[in-house]
Amino acid sequence: MTPIAKLRLGVNIDHVATLRNARGSVWPDPLRAALLAEASGADGITAHLREDRRHIRDADMDALRAGIGIPLNFECAATDEMAAIILRLKPHAVCLVPERREERTTEGGLDVAGDENRLAHYIAPLRDAGCRVSMFIGHAPRQIEASARIGAAVVELHTGHYSDLHAEGRLDEAEAELEALRQGAALAHSLGLEVHAGHGLTYDNVAPVAAIPQVVELNIGHFLIGEAVFVGLSAAIDEMRRRMDAARG
Ligand code: PXP
């Protein structure tokens, strides 16, 4: 099957803020990283405003919204506090994720099927404000179908489990997980949803995900920011893009 669209790269800059906050100072500046990512060919910037503000803070979101020229993807939990901030900033996109204070990163997908009514009401005003609303979910068909029913524009498929299996060398299981992601992407696309993917992607594991034809955007953060320590952010983005494009064929 020929790829149906160019694959976009969204760069998640949360961990620039993690590094800044480790020293309680103002360096490194997440906006500067976002502008450099933009200049290096990123198609969008993702930032996650967590309830505990452990990395990105409110002022970062304001600065990103005002400062970047590419789409801002505002990642957050579906809370009233976040809805108020989103309606004030009106970012291009909103990605809703589950959030637990004690987790190190977003560990699982959102249970859209189990919270369908509340989420349908939650996203309606965000959509009316012009935001493209995305659900960060696993590949289970019931989560994909529920996302379509509530009127989400996008689903972002969680690639964290695939990435973990790949990193542990459990390649048969990683392949099975990939196959489930492929089927999930095809189902989502058939229901009219735009399909994104992300979490845990690296140079070594990105190719098979980039090759899924219905996936039109990858959101990548931790690996790129880590790699930037060694080669710089621009070179890290270049190399990731090269691998994504090569896999896309
Ligand atoms: N997409 C979503 C919805 C996420 O929560 C994250 C992690 O913040 C990412 C993509 C990027 O994951 P990683 O930092 O592992 O590349």
Side-chain angles (χ1 to χ4, degrees), residues 7-19 21 30 33-34 37 42-57 60-61 64 71-78 82 86 91-101 103-112 119 131-139 143 147 152-167 181 184-185 188 193-207 209-210 215-229 233 236-237 239-241 243-244:
L7 188 57
R8 299 191 300 261
L9 171 60
V11 175
N12 180 317
I13 45 102
D14 291 349
H15 296 303
V16 177
T18 304
L19 202 54
N21 298 353
D43 298 295
I45 297 296
T46 295
H48 183 176
L49 188 63
R50 294 186 76 103
E51 184 198 5
D52 62 7
R53 310 301 199 267
R54 72 170 72 148
H55 37 58
I56 293 293
R57 295 174 178 156
D60 295 320
M61 279 297 190
L64 290 167
L72 173 63
N73 180 25
F74 187 121
E75 185 182 327
C76 64
M82 292 299 152
I86 291 163
H92 168 83
V94 173
C95 181
L96 297 179
V97 301
E99 213 175 88
R100 289 191 299 120
R101 263 178 187 267
E103 71 189 359
R104 253 191 287 179
T105 180
T106 315
E107 283 166 0
L110 196 62
D111 182 12
V112 184
L119 286 171
C131 303
R132 285 183 69 70
V133 180
S134 168
M135 300 286 139
F136 187 49
I137 56 172
H139 48 60
Q143 301 296 350
S147 300
V154 181
V155 286
E156 179 164 330
L157 298 179
H158 197 315
T159 53
H161 188 45
Y162 155 72
S163 301
D164 289 345
L165 291 168
H166 190 276
L181 287 165
L193 291 158
E194 184 172 305
V195 188
H196 300 177
H199 211 282
L201 296 176
T202 68
Y203 291 160
D204 289 340
N205 67 21
V206 75
V209 179
V215 172
V216 297
E217 179 174 310
L218 299 182
N219 284 303
I220 308 182
H222 184 258
F223 177 82
L224 285 176
I225 303 304
E227 189 65 9
V229 171
L233 187 56
I237 289 172
E239 178 61 14
M240 187 61 82
R241 169 124 259 159
R243 290 178 188 235
M244 284 165 55

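Side chains included, hydrogens not; waters and symmetry mates left out as well; all remaining heavy atoms used. When a ligand or atom number is given, it counts from 1 through the structure's own listing order.
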Participant: Please check whether Asn219 reaches ligand 1 - meaning an N/O of the residue sits under 3.5 Å from an N/O of the ligand, judged on distance alone.
Facilitator: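 There is no such contact.
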Participant: Please determine if Gly221 has a nitrogen or oxygen closer than 3.5 Å to a nitrogen or oxygen of ligand 1.
Facilitator: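 Yes - when backbone and side-chain N and O of Gly221 are compared with those of ligand 1, one distance drops under 3.5 Å.
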Participant: Using a strict cut-off of 4.0 Å, indicate which atoms of ligand 1 neighbour a heavy atom of Gly200.
Facilitator: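 Numbered from 1, ligand 1 contributes 12 (O), 13 (P), 15 (O), 16 (O).
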Participant: Check for me whether Phe136 has a heavy atom closer than 4.0 Å to any atom of ligand 1.
Facilitator: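 Yes, that is the case, since the closest heavy atom of the residue is under 4.0 Å from the ligand.
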Participant: Which atoms of ligand 1 sit under 4.0 Å from any heavy atom of His222?
Facilitator: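 It comes down to these atoms of ligand 1: 13 (P), 14 (O), 16 (O).
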Participant: Taking atom types as modelled and ignoring hydrogens, do the side chains of Glu75 and His48 form a donor-acceptor contact shorter than 3.5 angstrom?
Facilitator: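 There is such a pair (donor and acceptor under 3.5 Å, judged by atom type) between the side chains of Glu75 and His48.
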Participant: Looking at Val97, which atoms of ligand 1 are within less than 4.0 Å of one of its heavy atoms?
Facilitator: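 Counting from 1, the qualifying ligand atoms are 3 (C).
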Participant: Quiz question: by atom type and distance under 3.5 Å, do the side chains of Thr46 and Asn73 form a donor-acceptor pair?
Facilitator: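 Yes, a side-chain donor-acceptor pair sits under 3.5 Å.
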Participant: Is a side-chain N or O of Ser134 found less than 3.5 angstrom from the main chain of Val155, in a donor-acceptor match?
Facilitator: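 No.
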Participant: Run the salt bridge (charged side-chain N to carboxylate O under 4.0 Å, His left out) check on Asp43 and Arg241 step by step: do they pass?
Facilitator: CA-CA 11 Å; Asp43 298 295; Arg241 169 124 259 159; 3.0 Å; yes
Participant: Using 30° and 60° as the class boundaries, would you call the ring planes of His15 and His55 parallel, tilted or perpendicular?
Facilitator: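 Answer is perpendicular, since the angle exceeds 60°.
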Participant: Could you list the atoms of ligand 1 found under 4.0 angstrom from a heavy atom of Asn12?
Facilitator: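 Result: 8 (O).
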Participant: Does a donor on one side chain and an acceptor on the other come within less than 3.5 Å for Asn21 and Arg53?
Facilitator: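 Short answer, no.
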Participant: Counting heavy atoms only, which part of His15 comes closer than 4.0 Å to ligand 1: side chain, backbone, both or neither?
Facilitator: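 Under 4.0 Å from ligand 1, His15 contributes no heavy atoms.
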Participant: Is there a side-chain contact between Val94 and Met82 in this structure, where contact means two heavy atoms from C-beta onward sitting under 4.5 Å apart?
Facilitator: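 They are not in side-chain contact.
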Participant: Within ligand 1, which atoms have a heavy atom of Ile220 less than 4.0 Å away?
Facilitator: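 Numbered from 1, ligand 1 contributes 16 (O).
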Participant: Do Glu156 and ligand 1 have an N or O pair less than 3.5 Å apart?
Facilitator: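 There is such a contact, yes.
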